[in-house]
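Since the structure comes first, as structure tokens, the remarks are kept for the end.
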Amino acid sequence: MFDSKIYSERRLKLRKKIRSGIILIHGNNESPMNYPANPYHFRQDSSFLYFFGLNLPGLVGVIDIEDGRDCIYGNNVDIDDIIWMGPQPTINELASKVGVLSTHPLKDLVTTLHRAVKQGRKIHFTPPYRAENILSLEQLLGIHPTLIQKYSSVELVKTIVSLRSIKEPCEITEIDSACDIGYKMHTTAMKMAMVGEKELNIAGTIAGIANCWGSGPSFPIILSQNGETLHNHDHSQILKEGRLLLCDAGAEAISNYASDFTRTIPVGGKFSQKQKDIYNVVLAANNKAIELAKPGIPYLNIHLEAARIITSGLVQLGLMKGDINDAVTNGAHALFMPHGLGHMMGLDVHDMEDLGENNVGYDDEISRSDQFGTAYLRLGRKLQEGFVITVEPGIYFIPALIEKWKSEKINSSFINFDKLADYIGFGGIRLEDDILITAKGCRLLGSKRIPITIEEVEKTFAG
Ligand code: GLY
Ligand code: MN
Ligand code: MN
């Protein structure tokens, strides 16, 4: 947790931007796995963490614009709780750590809000993504669950996005430390990528590293020799000579700030020439994107430049053909990279995605493309100093997609489909780094870049 002043200042900024009404920042509750007393790992709502800092279930933050007070609603533990949980601070003690002087039992919230609704006051809340919070809002505000999303506050969402998008120095320190955990995870995976090793063992080991050094993985680990499946959570295979292992994993620091990296490792530690050729195209796209990233440039433009590097590399290898700009304009590269170049990162690995991808990644100036591939780009708007984003180009050989494009002759003037037969079973390569946009450019997050060149990856495996 940061100093209480940080939270007070953030709430003050929110107050200054929201004209009137009551802001409700609903914390999360425990979520049961298979019976109520056996919950999933608790994860607090990220906007609650941002404004109210407390990483505990059962709390709701209220910011009343007109009466000028910030309150936390929550219940003190009783003797039964103490028997099972040990002594706990009171809600008052907790609230004072985040600069909040006023607290109430949770049961009072419904009275406060019902009164405010009767007075015709605007209640601002963010779109809930958990069923329990939808039901809680129904009870608190009298809105039918099917209408809750519709009544969420666009003004609040946009204001939170504007604040959380620009990372403060204390947040960057936390993200750097999450990236350092990511470094340990990925270098460990590289060293373990031996023929005969189980994917499950590597995935479990690096999840353990995230648990040992922080709050655990920042999202379910993607680790597979079938790296062409973009979000592959199946770890059931044994590593085989000649294959590539794609590992996309990151950690949450204790403070819940995330990291998110991808590396692709040759099983057995040595890339074949065919693998090197594709790998170096992806690496060139990653490096180019990092070179270009600076305030004022739309991330959409960097995505398209990465697409051009990928297209140009694939033309040189004989897998694509024709004019590079035309190919990218027509979206032909998306056969190989059917996803976006990256996203915001912070308290969420896809930062603020609960507030709506377009609210976070697009604005009045730059709207989302509807072209296959680029439509998946989560962040298209102009970069600003203080943004933390990922850079994650990739090349994948997805049999079903290749088959579809071939049979439907999609972009056939740009693709050498005959040559692609040799790449079925190749898998996929993604290389993902995390960067901070600085005044004049950007810097890689974390103390050291995770080994990424062919030589560095092979040396890490061997070492
Ligand atoms: N965790 C998937 C991604 O890299 O965005
Ligand atoms: Mn990732
Ligand atoms: Mn990512």
Side-chain angles (χ1 to χ4, degrees), residues 43 46 165 167 175 178-190 199 202-203 206-207 209-210 214-224 226-235 244-253 256-265 282-283 285-286 289-290 293 299-300 302-303 306 334 337-354 357 360-361 368 373-380 383 387-396 398 427-437 442 444-446 449-452:
R43 181 53 161 80
S46 296
S165 292
K167 271 55 182 182
I175 297 172
C179 290
D180 288 343
I181 305 172
Y183 182 97
K184 294 189 219 299
M185 295 164 76
H186 280 274
T187 50
T188 300
M190 278 176 198
E199 291 173 348
I202 305 176
I206 66 173
I209 293 171
S215 301
S218 51
F219 59 94
I221 287 170
I222 296 164
L223 183 140
S224 175
N226 286 106
E228 76 280 9
T229 301
L230 301 183
H231 280 179
N232 200 335
H233 303 298
D234 178 280
H235 313 307
L244 290 168
L245 178 68
L246 186 147
C247 175
D248 182 352
E252 271 193 15
N256 295 109
Y257 283 87
S259 63
D260 180 10
F261 295 104
T262 309
R263 289 294 184 265
T264 308
I265 317 155
V282 180
L283 181 56
N286 171 304
I290 292 170
Y299 204 49
L300 173 61
I302 303 183
H303 169 92
M337 187 176 122
H339 66 68
L341 184 64
H343 49 84
M344 290 263 196
M345 193 184 78
L347 276 166
D348 307 297
V349 67
H350 288 179
D351 209 23
M352 302 173 275
E353 207 157 281
D354 60 310
E357 275 186 42
V360 178
R368 189 186 278 257
T374 304
Y376 290 119
L377 179 64
R378 293 181 149 92
L379 172 66
L383 301 178
F387 278 17
V388 166
I389 62 172
T390 69
V391 176
E392 48 182 306
I395 294 179
Y396 315 85
I398 305 169
I429 294 174
R430 176 162 65 253
L431 295 172
E432 178 174 20
D433 286 312
D434 303 334
I435 61 171
L436 167 70
I437 305 301
C442 72
L444 288 158
L445 285 153
R449 192 179 195 183
I450 298 170
I452 193 163

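Everything numeric in this text was worked out from a predicted model, so none of it was measured. Every heavy atom of this structure was used, including side-chain atoms; hydrogens, water molecules and symmetry mates were not. Note that the numbering runs from 1 along the sequence shown for the chain. In listed order, ligands and their atoms are each counted from 1.
- Looking only at protein heavy atoms, the nearest one to atom 4 (O) of ligand 1 is Glu392 OE1, 2.9 Å.
- Partner Thr264 forms a side chain to side chain contact (heavy atoms under 4.5 Å, CB included) with one of Ile429, Val282, Leu283 and no other, that one being Ile429.
- A distance-only check finds no donor-acceptor pair linking the side chain of Asn232 to the backbone of Ser224 [under 3.5 Å].
- Remark: side-chain polar atoms of His235 are not paired, donor with acceptor, to backbone N or O of Glu199 under 3.5 angstrom.
- The shortest N or O to N or O distance between His343 and ligand 1 is below 3.5 Å.
- Under a 4.0 Å criterion applied to the non-hydrogen atoms of Asp260, ligand 1 contributes the atoms 1 (N), 3 (C), 4 (O), 5 (O).
- The proximity of Asp248 to ligand 1, defined as any non-hydrogen pair under 4.0 Å, is limited to the side chain.
- Defined by atom type and a distance below 3.5 Å, a donor-acceptor pair is present between the side-chain atoms of Ser46 and Asp348.
- Rounding to the nearest 0.5 Å gives a distance of 8.5 Å between CG of Asp434 and CD1 of Ile175.
- The backbone N or O of Tyr376 lies less than 3.5 Å from no partner atom in the side chain of His339, so there is not a single donor-acceptor pair.
- At a cut-off of 2.8 Å, His350 does not coordinate the Mn ion (ligand 3) through any N, O or S atom.
- No donor-acceptor distance shorter than 3.5 angstrom exists from the side chain of His303 to the backbone of Leu377, with no hydrogens or angles considered.
- Each protein N/O/S atom under 2.8 Å from the Mn ion (ligand 2) was counted, for a total of 4.
- Although no hydrogens or angles enter the test, the distance criterion places no donor-acceptor pair under 3.5 Å between the side chain of His343 and the main chain of Gly361.
- Of the listed options His231, His350, Glu432, His350 places a heavy atom closest to atom 5 (O) of ligand 1.
- With sequence neighbours excluded, the residues forming a side chain to side chain donor-acceptor pair (under 3.5 Å) with Glu432 are Thr262, listed by chain and number.
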